[in-house]
Amino acid sequence: MRVSRRQFISTVAGATLAAGCTRRASWSGGIVGAAHAAGHRLREGKFPAPVRTETHEAVVVGGGIAGLTAAHHLQKDGRDFVLLELEREPGGNAACGANAVSAYPWGAHYVPLPNVESTEVLALLEEFGVLTAWSADGLPIYDETMLCAEPVERLFTRGRWQEGLVPQTGVSADDRRQYDEFFAQMEKWRAATGGDGRRAFAIPVDLSSRDPQFTALDGQTMRAFMDVRGWTSAPLRWYVDYSCRDDYGAGLEDVSAWAGAHYFASRNGHAANAARDAVLTWPEGNGWLARRLAEPLRAKIRGGCVVWNVEPHNGGVRVDYFDLTRHESVRLESPAAICAAPRFVAQRIVRGLAPVALEYSPWMVANLTLDALPTGRGAALAWDNVIEHSDSLGYVVATHQSLRAVPRETVLTHYWPLDREPPRAAREHALARSYEEWCALIVADLERAHPDIAAHIRHLDVWLWGHGMIRPVPGFIWGAGRAQMAAPHGRIFFAHSDLSGLSIFEEACTRGAHAAAALLAV
């Protein structure tokens, strides 16, 4: 359900008044990230001249999964390099935190079973011991403690919890007919190949078929595609909208039909010890993978660095950055560099880089430490818990994988794509909102399923992602703009999931590995 700006603001104001100031005193916390003020200095463009110059064999700009993966491969090759990251700690959208109760994610929190074509991802998971062995028939075997434990998903609908996320209570015979048609089409596409012999929808994206029967879907929204098919069922549309918002931070009215279909038809990972739809997860989400990548690189990672200039220079590359701790600029010179920053940042800092029209989805993520597990009518507490018709995506339970017999305290990671108004306005409103206002909004949303939740909150932190993920609007995935983004700029190579149009771990990991291979080849 979409609401007008007036309705949205009214809802926020009402929630704030209803919450009252007394709730704020019952727990600690604050707005803890991301480093928006530091990042926004790029718009001003006022940095002091570098005080010194260093030379290295390579420079990596950006410490998200793509940058860390690229650095991981440079490290294995024995290269001398420096990795520059805006935040104090690397991780990007896989950032995480921890307290006395549990580790928890600040962004991406799982990896689906990788497809057979996701070779870089499979290799990394095997290197890290997530993939522990291969069966006699060639299927991967994953560490059981990292496969998400049952129950995995539940939905709060009509006053109680049900297993699974597709609405089941109160749906009509026609709704179920449309369910069957929709999921049958997605299964058909999952197995389909185009005239070029490629899978219709693959991961990585660039291995997908270019057959027009599939790529034409990129020219319309997911909503328009469903309209043509006559899939008007309200519960089906809610579920598809939820799914698009979950992966892209925007619903079926905003993302392309190709991206919407990709969500359902691209996954074909298999395992000897898990079902096809299983996922890998950790208390800190994908932060577990980010930390495994970062630990061996600690001596080469510099956090709190605002990179403000990247340019071809004397057959190599020059990189200038401002150190937020020392309040000075430093110049790095190298034969080649990898820019693993989001593309909207790359277009500001890489001199001479042609701009591409981009759209990003802002997000709010909150971590709530509770003194007791949430309760409710119906299905038992799951790892992923969604409230039907909420503007949020519900929450995941950080302690779900815990081996404690009777866990009591827990941390809930609450995800909220801010897509009910245009991205720029949503970013501005998100940054203007106070911590108290965010708390009121979060609590009001969760109280729909857990009326007593405020009494159990002991700590609540908020993280605002102004540009949380690239938004695959119609025409972007198979348009000329995305195609030009992957091309190197002199000896500057690019690595970020933005280049794929989908902000998922597999794309970031693959882009990082490919950029490192390109740099090592020069």
Side-chain angles (χ1 to χ4, degrees), residues 33-50 59-67 70 82-88 90 92-93 302-313 317-324 327-334 336-363 422-428 430-431 464-471 473 476 480-501 503 508 511-512 515:
H36 303 105
H40 287 171
R41 292 191 61 167
L42 284 173
R43 295 190 302 202
E44 302 169 10
K46 298 178 181 179
F47 294 97
V59 178
V60 179
V61 177
I65 293 298
V82 171
L83 186 152
L84 304 172
E85 166 58 30
L86 175 63
E87 301 288 341
R88 298 296 177 180
N93 283 2
R302 300 181 186 179
C305 297
V306 184
V307 176
W308 51 271
N309 179 58
V310 182
E311 60 179 321
H313 178 72
V317 180
R318 172 185 286 169
V319 178
D320 299 318
Y321 73 91
F322 181 74
D323 187 318
L324 292 168
H327 302 287
E328 63 181 22
S329 289
V330 178
R331 172 163 291 169
L332 305 179
E333 294 183 347
S334 67
I338 293 173
C339 183
R343 189 67 176 196
F344 79 96
V345 174
Q347 292 181 176
R348 285 188 176 273
I349 64 176
V350 178
R351 189 170 299 183
L353 188 64
V356 176
L358 304 166
E359 195 167 307
Y360 287 83
S361 298
W363 284 72
R424 182 173 181 176
R427 279 190 284 273
E428 292 174 351
L431 292 173
L464 302 174
W465 296 101
H467 297 78
M469 56 176 60
I470 193 77
R471 182 176 287 188
V473 297
F476 183 69
R482 189 182 74 84
Q484 80 178 51
M485 285 164 58
H489 184 64
R491 289 197 168 186
I492 303 168
F493 302 93
F494 296 95
H496 196 278
S497 60
D498 284 1
L499 277 62
S500 299
S503 182
R511 292 289 180 181

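Note that the structure is a prediction, hence the values are computed from the model and not measured.
Counting heavy atoms of neighbouring residues, nucleotides and ligands inside a 6.0 Å radius, atom CZ of R424 does not exceed 12 of them.
Between Y321 and the options N309, L86, V61, V330, a side-chain contact (heavy atoms from CB on, under 4.5 Å) holds for only V330.
Between E87 and A34, the shortest heavy-atom distance links the atoms OE2-CB, 3.1 Å. When all heavy atoms are compared, the tightest approach of F493 to A336 is CE1-CB, 4.2 Å. For E85 against G63, the heavy-atom pair with the smallest separation is OE1-N, 2.7 Å. Here the closest non-hydrogen pair linking A495 and A66 is O-CB, 3.4 Å. Between G468 and W363 the shortest heavy-atom distance is CA-CD1, 4.1 Å.
At least one side-chain heavy atom of W308 sits less than 4.5 Å from a side-chain heavy atom of S329. Contact check for V356 versus R482: no side-chain heavy atoms found under the 4.5 Å cut-off. The shortest side-chain heavy-atom distance between R471 and P362 falls under the 4.5 Å cut-off. Residues P312 and I492 meet the side-chain proximity criterion, which asks for heavy atoms closer than 4.5 Å. Considering only heavy atoms from C-beta on, L42 comes within 4.5 Å of V345 through its side chain. With contacts defined as side-chain heavy-atom distances shorter than 4.5 Å, the pair V82/L332 qualifies. In this structure, I338 and V59 have side chains that are not in contact, with every pair of non-hydrogen atoms separated by 4.5 Å or more. At least one side-chain heavy atom of L358 sits under 4.5 Å from a side-chain heavy atom of Q347.
Between E311 atom CD and L353 atom CG the span is 13.0 Å, to the nearest 0.5 Å. Here the straight-line distance linking atom CG of L83 with atom CZ of R302 works out to 10.5 Å at 0.5 Å rounding. Residue C305 holds its SG atom at 10.0 Å from CZ of F322, rounded to the nearest 0.5 Å. The line from CZ of R43 to CZ of R348 is 6.5 Å long, rounded to the nearest 0.5 Å. Annotation: the span from N93 atom CG to S503 atom OG amounts to 5.0 Å, rounded to 0.5 Å. One finds the CZ atom of R351 at 12.0 Å from the CD1 atom of I349 (value rounded to the nearest 0.5 Å).
A side-chain donor-acceptor contact under 3.5 Å links R511 and S500.
Among residues two or more places apart in sequence or in another chain, the side-chain contact (heavy atoms from CB on, under 4.5 Å) test is passed with R331 by P50, T53, R318, D320, E333. Remark: D498 pairs with P342, R343, Y360, I470, M485, H496 by the side-chain contact (heavy atoms from CB on, under 4.5 Å) rule, at least two apart or across chains.
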**OP:** Evaluate side chain to side chain contact (heavy atoms under 4.5 Å, CB included) for L431 paired with L464, printing each intermediate quantity in order.
**Re:** CA-CA 8 Å; L431 292 173; L464 302 174; 4.1 Å; yes
